[in-house]
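Heavy-atom basis, side chains included; hydrogens, waters and symmetry copies ignored.
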Amino acid sequence: MKTVSGKTIWIIGASSGIGRALAQELDRRGATLILSARRADALTALGAELEGDHILLPLDVADIEQVEQAAQTISAQINRIDSIVHLAAVYDPVRIDSMDIAKVRDLVNVNVMGTFHVLHAVLPILTKQGFGQLALCGSVAGFRGLPNGQPYSATKAAVINIAETLKLEHPTLDIKVINPGFVRTPLTDKNDFTMPMIIEPSDAATAIADGLVKSSFEIHFPKRFTLFIKLLRILPNALYFQLAKRLTADKSP
């Protein structure tokens, strides 16, 4: 996909944060959008702000029937889907010994099972088309384990792994993984620590919109931060654990 102008793009998780900003950015760039999220009222408000005539399809990615119904509705209404950007996620990082297992189950259902639900519903459509783009949202939080990061980090590591598998299994499709650093959203507002190099949702949206039309598998930003985290990813385990303990000494025993 060399341009988003005139393309049909389905954003899942469009009601707030990065998804909302991406909808605004792609609308400005001339894309036709299908916008999905759990909050129908937020989707309606977003749709009213955009210039284009877009489709609003509320759904909960944790509910496979809702995802399948949305995919069937789209398939019946339009001839093609050029891109699907799956951003829906929940965030509640804690120490492992402090986890509320019910919240863990809900988070895994949305972040991991929700991803599988989307794939189950859309891969037959894209395969039948013989083309299309599928971008899944991981996170630099999924690169390596850090204190106070579970279960969110584990789910994002899973999404990155899923995207890599998709890239190998579906070479005719344009598979991408989006790995943001810190972005100022209602999710990161939960954090009680200083977030290095945090950026605004509009900046994240610009980076994603630019990345969708490039050939690279991974879209990551802001580069100064994500490249540092990538370095941590390739360090030998002994060196990584030593460095991570120093970096997080004031946050965990």
J.: Going by the salt bridge (charged side-chain N to carboxylate O under 4.0 Å, His left out) test, which pairs reach into residues 196-209, not counting sequence neighbours?
T.: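 Checked against salt bridge (charged side-chain N to carboxylate O under 4.0 Å, His left out) - neighbours excluded - the pairs reaching residues 196-209 are Arg184-Glu200.
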J.: Ignoring hydrogens and geometry, is there a side-chain-to-backbone donor-acceptor pair from Ser15 to Ala42 under 3.5 Å?
T.: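 Between the backbone of Ala42 and the side chain of Ser15 there is no qualifying donor-acceptor contact (under 3.5 Å).
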J.: Please round to the nearest 0.5 Å and tell me the distance separating atom CE of Met197 and atom NZ of Lys223.
T.: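 So the gap between those two atoms works out to 13.5 Å.
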J.: Just to verify, what does Gln150 make a side-chain hydrogen bond (donor to acceptor under 3.5 Å, both in side chains) with, not counting sequence neighbours?
T.: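 Partners of Gln150 under the side-chain hydrogen bond (donor to acceptor under 3.5 Å, both in side chains) test: none.
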J.: Could you tell me which residues satisfy ring pair (Phe, Tyr, Trp, His ring centres under 6.0 Å) with Tyr91, sequence neighbours excluded, listed by chain and number?
T.: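 Once residues adjacent in sequence are excluded, the partners of Tyr91 under the ring pair (Phe, Tyr, Trp, His ring centres under 6.0 Å) criterion are Tyr152.
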J.: Return the set of residues passing side-chain hydrogen bond (donor to acceptor under 3.5 Å, both in side chains) with Asp210 (not counting sequence neighbours), or none when no residue passes.
T.: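 For Asp210 the side-chain hydrogen bond (donor to acceptor under 3.5 Å, both in side chains) partners, ignoring immediate neighbours, are Arg29.
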J.: Keeping to residues at least two apart or across chains, list the salt bridge (charged side-chain N to carboxylate O under 4.0 Å, His left out) pairs with something in residues 47-61.
T.: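 Qualifying pairs: Arg20-Glu49.
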J.: If you look only at pairs with a residue in residues 227-243, which of them pass as a salt bridge (charged side-chain N to carboxylate O under 4.0 Å, His left out), with sequence neighbours excluded?
T.: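 Applying salt bridge (charged side-chain N to carboxylate O under 4.0 Å, His left out) to every pair that reaches into residues 227-243, excluding sequence neighbours, yields Glu218-Lys230.
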J.: Kindly write out the residues that satisfy ring pair (Phe, Tyr, Trp, His ring centres under 6.0 Å) with Phe225, not counting sequence neighbours, or none if the list is empty.
T.: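 With sequence neighbours excluded, Phe225 shows a ring pair (Phe, Tyr, Trp, His ring centres under 6.0 Å) to Phe182, given in chain and number order.
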J.: Can you check whether Pro222's main-chain N or O pairs, donor with acceptor, with Thr226's side chain at less than 3.5 Å?
T.: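 Indeed, once roles are kept as given, a pair shorter than 3.5 Å links the two residues.
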J.: Is there any side chain to side chain donor-acceptor pair (under 3.5 Å) pair reaching into residues 31-45, and which pairs are they, with sequence neighbours excluded?
T.: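 Only Trp10-Ser36 qualify under side chain to side chain donor-acceptor pair (under 3.5 Å).
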J.: Who else is in the cluster with Phe131 when I, L, V, M, F, W and Y are joined by side-chain contacts under 4.5 Å?
T.: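 None; Phe131 is a cluster of one.
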J.: Salt bridge or not for Lys167 and Glu164, using N-O below 4.0 Å?
T.: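 So Lys167 does not pair with Glu164 through a salt bridge.
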J.: With the side chain counted from C-beta on, respond yes when His117 and Val61 share a heavy-atom pair under 4.5 Å apart, and no when they do not.
T.: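 Result no, sub-4.5 Å side-chain heavy-atom pair not found.
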J.: With sequence neighbours excluded, tell me which residues meet side-chain hydrogen bond (donor to acceptor under 3.5 Å, both in side chains) with His170.
T.: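 Partners of His170 by the side-chain hydrogen bond (donor to acceptor under 3.5 Å, both in side chains) criterion come out as none, since no residue qualifies.
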J.: For Leu212, which fellow cluster members are found when Ile, Leu, Val, Met, Phe, Trp and Tyr are connected by side-chain heavy-atom distances below 4.5 angstrom, either directly or through intermediates?
T.: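 Listed partners: Met1, Val4, Ile9, Ile11, Ile18, Leu22, Leu26, Leu33, Leu35, Leu43, Leu46, Leu50, Leu56, Val85, Leu87, Ile178, Val183, Ile199, Ile208, Val213, Ile219, Phe221.
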J.: Test: ring pair (Phe, Tyr, Trp, His ring centres under 6.0 Å). Region: residues 60-88. Which pairs qualify, not counting sequence neighbours?
T.: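 Checked against ring pair (Phe, Tyr, Trp, His ring centres under 6.0 Å) - neighbours excluded - no pair reaches residues 60-88.
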J.: Quick one: does Asp82's side chain have a donor or acceptor within less than 3.5 Å of a partner on Thr8's backbone?
T.: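 Yes, the answer is positive, given that a donor and an acceptor are paired below the 3.5 Å cut-off.
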